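Quick notes on the structure that follows.
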Amino acid sequence: MRFFSKRVQTVEWDREAYEPAIQKSICTGEETFGFISKADGRFHGLEVLRSADDRAAMCERYGIKPEGMRTIF
């Protein structure tokens with residue numbers, strides 16, 4: 001029995017109003033995860049992704065498949 005195991009807290013988001021996306025910088029290649037509003041098309045950045053581990057943790061936290069995300073520049 002494990003007392004101090006890590007728990008993954010999933011974050012709920014409105015799947016009808018927002019689409020997950022990664023915004024990449026053309027100059028530096030920095031990646032920012034966020035959501036695109038389907039109503040007005042604005043990008044709302046939430047967190048900076050610095051490594052593949054950050055991306056995997058973000059996908060697990062938000063319940064998103066990496067293949068399903070849109071990349072914008």
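We count residues from 1, following the sequence as given. All of these numbers come straight from a predicted model, not from anything done at the bench.
- Take Ser51 and apply the side chain to side chain donor-acceptor pair (under 3.5 Å) test, not counting sequence neighbours, and it matches no residue.
- Shown here are the side chain to side chain donor-acceptor pair (under 3.5 Å) partners of Arg55, two or more places apart in sequence or in another chain: Glu31.
- By the side chain to side chain donor-acceptor pair (under 3.5 Å) test, Ser37 pairs with Asp40, sequence neighbours left out.
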Side-chain polar contacts of residues 43-50 - donor-acceptor pairs under 3.5 angstrom, sequence neighbours left out - could you list them?
residue : atom : partner : partner atom : Å
Glu47   : OE1  : Arg61   : NH2          : 2.9
Glu47   : OE2  : Arg61   : NH2          : 3.1

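- A distance of 10.5 Å separates CH2 of Trp13 from OH of Tyr62, quoted to the nearest 0.5 Å.
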List the atom pairs, donor and acceptor, that lie under 3.5 Å between side-chain atoms in residues 63-73 and the rest of the protein, sequence neighbours left out.
none

